[in-house]
Structures are given as structure tokens and as C-alpha cells.
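A short write-up of the structure that comes next.
Heavy-atom basis, side chains included; hydrogens, waters and symmetry copies ignored. Owing to the predicted nature of the structure, the values given are computational and were not obtained by experimental measurement.
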Amino acid sequence: MHGEYKVPGGKLVVVDLAVEDGSLRDVRVAGDFFLEPDEALLDINRALEGAPADTPAPELAARIDAALPEGTVMFGFSSEAVGVAVRRALAQATDWHHYDWQLIHDGPQSPALHMALDEVLTAEVAAGRRPPTLRVWEWASPAVIIGSFQSLRNEVDPEGAERHGMTVVRRISGGGAMFVEPGNTITYSLCVPDALVQGLSFADSYAYLDDWVLAALEGMGVKAWYQPLNDIATEAGKIAGAAQKRVVSGDGAVLHHVTMAYDIDADKMLDVLRIGKEKLSDKGTKSAKKRVDPLRRQTGLARDAVIERMVASFRGRYGLADGAVTPEEMARAEELAATKFSSKEWTARVP
């Protein structure tokens with residue numbers, strides 16, 4: 001069995017192993033990481049040899065830590081990363097390079113249609129009718145997107161939303177509210193087979209699916225990292241938030257979507273979202289504004305240029321062919337946009 005795990009912001013860990021009588025055998029760890037002393041690699045292999053095949057990744061990491069000599073230096077990886085690579089080998093997880101990735105980047109679309117497209121395209125990937133897809137969104141109108149389990153009344157000020165012409169829709173993934181304005185927001189979705197994240201914990205899958213973005217941001221001079229569970233952060237503040245939805249039909253798929261703040265009207269956001277409404281002091285307002293630090297200021301690039309560099313980063317790593325939503329997918333998405341995502345029943349399903 002063969003498993004690979006690219007440490008977010010770090011190096012690649014590769015594990016080859018066999019299973020005999022329910023235990024790990026012939027374990028061989030490799031990768032482009034750095035390790036001192038050299039002999040510590042043999043200690044890692046020996047620590048994993050004979051471990052029960054159902055051992056969770058944290059326990060595998062503990063076995064490795066106990067076996068390493070004092071003063072061992074692991075750079076670009078960790079014992080936890082080795083444990084994850086083992087679990088991915090046992091789960092027969094796939095790798096990014098196993099797929100022919102497709103890019104969808106259409107013109108501006110309504111908030112409800114974006115919600116519907118995410119649901120439809122992810123279901124198509126799960127059914128095996130669509131290749132794994134990166135979709136870059138363009139917004140036709142300003143919107144507030146609330147998480148699947150959020151209370152509508154607790155998250156959105158209806159008078160503020162109406163005053164600023166904000167459409168309120170609910171997405172199928174969990175997480176917090178997204179404040180969106182055309183031209184100020186960069187949003188993308190990844191619709192991927194479940195096999196790509198096999199062996200990863202729910203939390204680890206977030207950073208794993210966005211490692212390419214961190215590299216793209218670094219290429220634009222932005223040092224970013226994942227702040228668990230689902231924020232992309234910099235020293236200057238948060239720049240993005242992610243959310244996921246798992247689809248269990250067919251072979252399974254994961255919807256992973258991210259909203260990034262290219263620019264932001266903080267006063268308008270505070271007028272629409274109920275962020276710290278109990279704190280009406282200037283201090284509270286300034287704190288809420290400071291929490292998000294837009295990419296426009298950090299990169300000095302136009303929004304289109306940021307998107308181009310992000311797409312180029314993905315294409316350079318994994319390959320990416322231009323694609324499109326099929327007529328059948330669009331018809332289904334338009335139906336869902338009208339009957340589900342524009343309905344009061346769905347939007348206020350958690351009042």
C-alpha cells in the first residue's frame with residue numbers, strides 16, 4: 001500500500017507498507033523533508049512496524065515520538081504527518097495528480113444560483129459524471145451567505161440588509177456568515193472525490209485542500225497560514241474563511257469553498273451583520289474592522305490579477321483544463337436556485 005501526504009506549508013511524506021494479520025509490516029517512510037540524525041528514519045520505520053492497522057494517526061505519532069533519539073530535528077514534517085500518511089495508505093487515498101482537474105470561471109451569477117451550482121456540481125463529482133472541479137465565482141449582486149446551521153435572526157440585521165440591497169441566502173455547508181460585494185470578494189469552490197481526503201481528519205482536510213492557495217499567496221508576497229478550524233490568516237489579520245459539505249451518495253465527494261476578502265466596506269458589514277451588536281463602543285467597532293485585512297492592501301494587485309495568479313498556482317501544481325457547466329447541470333442548478341435557495345423555507349430553516 002502506498003500513501004502520500006503533503007504537509008500544508010511543508011514537505012511531502014510518503015509511506016509504503018503492507019498489512020499482515022492486522023498489523024503494519026515492511027513500513028518504509030520517505031519524502032523530501034529534512035531529518036537529523038540520518039539514522040532517525042530507521043527509528044521511524046521500526047516504530048511503525050507491527051502497529052495494529054487500525055491505530056489512529058495520533059497514536060502512530062506517539063509511537064514515533066517515543067522511538068526517536070533525543071535531539072532529533074524534523075523539518076518540513078512531523079510525526080503526526082507520518083501518521084496521516086500511514087492512514088492515507090491504508091485507506092487507499094488518491095492524490096491530486098490522479099485526476100484531470102477542470103476549471104469553471106463564468107460571468108456574474110446570482111447568490112442563489114451559486115449555492116445551487118455548488119450542490120449540483122459536487123453531486124456530479126460524487127456520481128462520477130464530472131471530474132474534480134475548481135470553480136471561481138463572480139457575483140452579480142451583494143449578498144450575505146449564512147451557514148447551514150446559523151440562526152437567520154441572530155446573524156443578519158434585516159433592515160441593514162435591505163438598506164444596502166443585500167440578498168440573504170443560506171448555503172449547504174456549515175460555518176459562519178459571509179459578507180459579499182462584487183469586486184470586493186474572491187470566492188472559489190473545490191468539488192473533489194472523497195478518496196482525495198481519505199485518511200485525513202475533518203480538520204486536517206481544510207488545510208490540505210487549501211495548501212495550493214497558501215503557496216499562491218506567498219508568491220504574491222503574503223505569508224499566510226491556516227488557523228484551525230477554517231480561517232486563512234496573516235499577521236495583519238484574517239483574509240479568508242472556508243466551509244465544507246460532505247456528500248455520501250455515489251462514491252462520495254467533498255464540497256470545499258472559500259471566501260477571501262479582496263477589499264471590504266467594514267462600516268457596511270457591521271450595519272448588515274450582527275457582529276458584536278452588544279458592543280456598540282468605538283473600541284468594539286474598531287476591533288471588528290481590524291479582524292479582516294483585505295488582499296488588496298496586502299498584495300497591491302488588482303482583483304483579476306490575484307485570481308489569475310491563484311489559478312496559475314493550481315494549474316502549475318496539478319494541471320487544470322478550462323471547462324464549463326453542462327446544460328443539464330445548469331438546468332438542475334436553476335431549478336434548485338428557484339425552488340430551494342430562493343425560498344423562505346430554506347433561508348429561514350433556522351429562524
Side-chain angles (χ1 to χ4, degrees), residues 107-120 137-189 229-231 237-245 255 257-296 303 333-351:
Q109 293 163 324
S110 71
L113 185 58
H114 278 307
M115 303 303 108
L117 282 168
D118 264 359
E119 180 170 327
V120 170
W137 305 19
E138 296 294 346
W139 295 91
S141 60
V144 173
I145 318 300
I146 59 175
S148 181
F149 310 108
Q150 287 189 297
S151 163
L152 177 61
R153 70 165 66 100
N154 288 346
E155 299 301 325
V156 183
D157 184 322
E159 294 180 355
E162 183 177 1
R163 185 161 49 248
H164 296 293
M166 309 288 290
T167 301
V168 181
V169 294
R170 185 184 296 274
R171 63 182 184 269
I172 61 174
S173 63
M178 301 156 48
F179 177 82
V180 168
E181 291 187 286
N184 281 357
T185 307
I186 297 173
T187 307
Y188 63 87
S189 300
L229 170 68
N230 59 337
D231 287 347
K238 172 182 173 179
I239 57 174
Q244 286 186 6
K245 174 68 176 178
L255 167 65
H257 45 200
V258 174
T259 291
M260 312 179 79
Y262 172 72
D263 206 347
I264 194 164
D265 186 330
D267 291 323
K268 187 184 296 185
M269 179 182 71
L270 291 170
D271 198 33
V272 174
L273 299 182
R274 297 190 188 278
I275 299 175
K277 287 284 181 162
E278 73 281 1
K279 297 180 181 179
L280 299 178
S281 67
D282 288 342
K283 181 179 179 181
T285 301
K286 290 177 181 177
S287 177
K289 290 180 181 180
K290 185 178 180 181
R291 183 169 179 263
V292 179
D293 194 72
L295 285 171
R296 179 179 183 177
R303 176 180 176 275
E334 289 174 343
E335 178 187 0
L336 278 176
T339 61
K340 178 178 179 178
F341 293 104
S342 296
S343 70
K344 291 182 179 179
E345 292 79 10
W346 171 255
T347 304
R349 77 183 188 104
V350 183

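Heavy-atom neighbours of Lys245 NZ from other residues, nucleotides or ligands within 6.0 Å: at or below the threshold of 12.
Taking OG1 from Thr187 and CE from Met260, the interatomic distance works out to 9.5 Å, rounded to the nearest 0.5 Å. In this structure, NZ on Lys340 lies 6.0 Å from CD1 on Ile172, to the nearest 0.5 angstrom. We find the CH2-CD1 distance between Trp139 and Ile145 to be 4.0 Å, quoted to the nearest 0.5 Å. Atom CZ of Arg171 is separated from atom CD of Gln150 by 6.5 Å, given to the nearest 0.5 angstrom. Met115 CE to Leu336 CG: the interatomic distance, rounded to the nearest 0.5 Å, is 12.5 Å. Separating the CD atom in Gln244 from the CG atom in Asn230 is a distance of 9.0 Å, to the nearest 0.5 Å.
Minimum interatomic distance between Gly165 and Pro142 (heavy atoms only, all atoms of both residues): O-CG, 3.4 Å. Considering all non-hydrogen atoms of both residues, Leu117 and Gln109 come closest at CD1-OE1, 3.5 Å. Among all heavy-atom pairs drawn from Glu181 and Asp265, the shortest one is OE1-CB, 3.7 Å.
Within the structure, every pair that satisfies the ring-ring contact (aromatic ring centres under 6.0 Å, His included) test and touches residues 167-189, not counting sequence neighbours, is listed here: Tyr188-Trp212. Each side-chain hydrogen bond (donor to acceptor under 3.5 Å, both in side chains) pair with one or both residues in residues 342-351, not counting sequence neighbours, appears once here: Ser148-Arg349.
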Point to revise | Derivation and outcome, salt bridge (Lys or Arg N to Asp or Glu O under 4.0 Å), residues Arg303 and Glu138 | key: CA-CA 11 Å; Arg303 176 180 176 275; Glu138 296 294 346; 3.0 Å; yes
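By the 4.5 Å heavy-atom criterion applied to side chains, Ile186 and Tyr262 are counted as neighbours. With a 4.5 Å cut-off on side-chain heavy atoms, Glu155 and Leu273 do not count as touching. You'll find the side chain of Ser110 stays beyond 4.5 Å of the side chain of Ser141, heavy atoms only. Counting heavy atoms from C-beta on, the side chains of Arg170 and Val350 come closer than 4.5 Å.
Taking the charged nitrogens against the carboxylate oxygens, Arg163 and Asp271 do have a contact shorter than 4.0 Å, which makes a salt bridge.
Side chain of His114 to main chain of Pro108: no donor-acceptor pair is present (N/O by atom type, distance under 3.5 Å, no hydrogens or angles).
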